[in-house]
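Residue numbering restarts at 1 for every chain, and letters A, B, ... go by the order of the sequence lines.
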Number of protein chains: 2
Amino acid sequence: MSHDLDLIFAALSDPTRRAILEMLLEDDMAVTDVAEPFEMSLAAISKHLGILTRAGLIVQEKRGRVKWCKLDPSAIRASSVWMQGFGQFVELDLDGLERFLAQELVQD
Amino acid sequence: MSHDLDLIFAALSDPTRRAILEMLLEDDMAVTDVAEPFEMSLAAISKHLGILTRAGLIVQEKRGRVKWCKLDPSAIRASSVWMQGFGQFVELDLDGLERFLAQELVQD
DNA sequence: GCTTTGGTCAACCATTTGGTTGAATAACGA
DNA sequence: TCGTTATTCAACCAAATGGTTGACCAAAGC
């Protein structure tokens with residue numbers, strides 16, 4: 001529950017795990033399907049998913065023999081809040097954020 | 001120059017380094033002064049500062065025998081931009097961001 | 001029931017990480 | 001010039017990380 005920034009940032013520091021998060025942005029996925037595009041063992045992916053889960057970045061729910069993985073917004077929000085503590089940085093980023101929000105509106 | 005998210009998030013995953021960043025938010029500091037509140041060797045802090053520098057989170061500038069450390073916004077911005085890719089998350093965080101921005105206006 | 005499918009566990013390995021200490025370097029102050 | 005201050009370097013260490021493989025368990029499917 002309490003968002004551990006150590007775990008969150010450590011989880012985000014690995015490119016495989018960031019790629020997994022980006023995949024889950026598209027849709028919820030089963031473990032096997034998450035593993036498919038990567039050139040590493042299923043066990044390795046399973047470990048990565050465990051790290052993402054412990055960091056609170058995803059949740060895993062077992063239905064039948066399939067374990068579904070889906071994004072959990074709360075941890076990303078926690079780290080994002082920490083970053084917002086860097087007021088001057090957020091201020092400097094307003095341009096980018098504005099562009100982003102404009103783009104969001106188009107997509108709706 | 002190219003912001004390496006691996007390095008940035010790995011740098012942010014250590015509590016000592018996040019504390020250092022928060023200290024530098026107050027003011028630029030010399031290496032010895034950065035080390036003062038921590039119960040670890042100066043060499044260890046020097047390593048942490050190296051990691052923050054390589055991640056692009058701070059810049060170090062030597063004047064005389066003193067090396068000054070200051071925040072560098074660009075890397076935080078890079079990671080923040082990556083997070084913004086998670087559109088649904090940003091959307092969920094807009095309330096907090098609005099409060100933050102309102103607070104910023106008061107401070108000006 | 002038996003076989004396949006989905007996923008984890010355990011043991012292992014190489015590499016990286018975060019710390020230590022002691023020596024080295026470089027600039028300032030007297 | 002000499003000692004002090006600021007900082008890094010090098011060697012070392014224990015623990016964590018990211019991967020492997022093979023055995024294992026549980027749920028379907030035939």
Side-chain angles (χ1 to χ4, degrees), chain A residues 4-24 26-72 75 79, chain B residues 4-24 26-72 75 79:
Chain A
D4 189 328
L5 290 177
D6 288 25
L7 292 181
I8 295 172
F9 285 126
L12 292 177
S13 73
D14 183 275
T16 300
R17 289 192 291 263
R18 286 198 308 278
I20 290 174
L21 290 178
E22 287 167 8
M23 289 165 58
L24 292 178
E26 306 288 323
D27 211 346
D28 301 352
M29 296 177 81
V31 173
T32 310
D33 296 330
V34 170
E36 200 269 329
F38 297 98
E39 290 189 344
M40 78 181 65
S41 68
L42 186 61
I45 295 295
S46 178
K47 276 193 189 179
H48 281 304
L49 291 171
I51 290 170
L52 288 170
T53 300
R54 250 168 281 127
L57 288 160
I58 68 173
V59 289
Q60 289 182 288
E61 180 192 348
K62 192 163 184 176
R63 279 204 296 275
R65 65 179 163 180
V66 173
K67 202 166 188 180
W68 292 91
C69 310
K70 60 195 294 190
L71 286 177
D72 183 346
S79 49
Chain B
D4 188 330
L5 290 176
D6 288 24
L7 292 180
I8 295 173
F9 285 126
L12 292 176
S13 74
D14 183 275
T16 301
R17 289 193 289 264
R18 286 198 307 277
I20 290 174
L21 290 177
E22 287 168 8
M23 288 166 59
L24 292 178
E26 305 288 322
D27 211 347
D28 300 352
M29 297 177 80
V31 173
T32 309
D33 296 329
V34 169
E36 201 269 329
F38 297 98
E39 290 189 344
M40 78 181 63
S41 69
L42 187 60
I45 295 295
S46 179
K47 277 193 188 180
H48 280 304
L49 290 171
I51 290 169
L52 288 170
T53 301
R54 249 166 282 127
L57 288 160
I58 66 172
V59 288
Q60 289 183 286
E61 180 192 350
K62 192 161 185 178
R63 277 205 297 274
R65 65 180 163 179
V66 174
K67 202 165 188 178
W68 292 91
C69 309
K70 60 195 293 190
L71 286 176
D72 183 346
S79 49

Roughly how many Å is it from [atom1] in [X] to [atom2] in [N], rounded to a whole number?
| X | N | atom1 | atom2 | answer |
| --- | --- | --- | --- | --- |
| A:Phe9 | D:dA16 | CZ | C1' | 20 Å |
| B:Met40 | C:dG18 | CE | C1' | 8 Å |
| A:Ile45 | D:dT17 | CD1 | P | 17 Å |
| B:Trp68 | D:dT7 | CH2 | C1' | 14 Å |
| B:Ile51 | C:dG18 | CD1 | C1' | 8 Å |
| B:Arg54 | C:dG18 | CZ | C1' | 13 Å |
| B:Arg63 | C:dA26 | CZ | C1' | 17 Å |
| B:Leu49 | C:dG19 | CG | C1' | 15 Å |

If you only use heavy atoms from C-beta on, which nucleotide in [options] is closest to the side chain of [X]?
| X | options | answer |
| --- | --- | --- |
| A:Gln60 | D:dG18, D:dT21, C:dT8 | C:dT8 |
| B:Asp14 | C:dT21, C:dG18, D:dA6 | C:dG18 |
| B:Ala44 | D:dG18, C:dT20, D:dT20 | C:dT20 |
| A:Ser41 | D:dT7, D:dT21, C:dG18 | D:dT21 |
| B:Arg65 | D:dG19, C:dC28, C:dG18 | C:dC28 |

Write down the atom of [X], the atom of [Y], and the distance for their closest heavy-atom approach.
| X | Y | result |
| --- | --- | --- |
| A:Ala75 | A:Ala55 | CB-O, 3.4 Å |
| A:Phe38 | A:Ile45 | CD1-CD1, 3.7 Å |
| A:Gln60 | A:Val31 | NE2-CG2, 4.0 Å |

### Donor-acceptor contact below 3.5 Å, side chain B:Ser46 vs main chain B:Leu42
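Not confirmed, B:Ser46 side chain does not pair with B:Leu42 backbone.
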### Query
Any donor and acceptor pair, going by atom type alone, linking the side chain of A:Arg17 with main-chain N or O of A:Leu12 inside 3.5 Å?
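No, A:Arg17 side chain to A:Leu12 backbone: no donor-acceptor pair under 3.5 Å.
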Closer than 4.0 Å, any side-chain N/O of [X] to the OP1 or OP2 of [N]?
| X | N | result |
| --- | --- | --- |
| B:Lys47 | D:dT8 | no |
| B:Arg17 | C:dG18 | yes |
| A:His48 | D:dG19 | yes |
| B:Ser46 | D:dT7 | no |

### Task
Select base, sugar-phosphate, or nothing to describe what B:Leu42 touches, counting heavy atoms under 4.0 Å on all strands.
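Base contact.
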### Query
What does A:Ala43 touch in the nucleic acid at a heavy-atom separation under 4.0 angstrom: a base, only the sugar-phosphate, or nothing?
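Counting heavy atoms under 4.0 Å across all strands, the contact made by A:Ala43 includes a base.
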#### Entry: Any B:Thr16 side-chain heavy atom under 4.5 Å of B:Met40 side chain
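They are in contact (side-chain heavy atoms under 4.5 Å apart), so the answer is yes.
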### Position toward the 5' end of DNA chain D (nearest nucleotide), A:Glu39 or B:Lys62
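The residue whose closest nucleotide sits nearer the 5' end is B:Lys62.
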### Task
Could you say whether B:Val66 or A:Ser13 is positioned toward the 5' end of DNA chain D, judged by the nucleotide with the nearest heavy atom to each?
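The 5'-side residue here is B:Val66.
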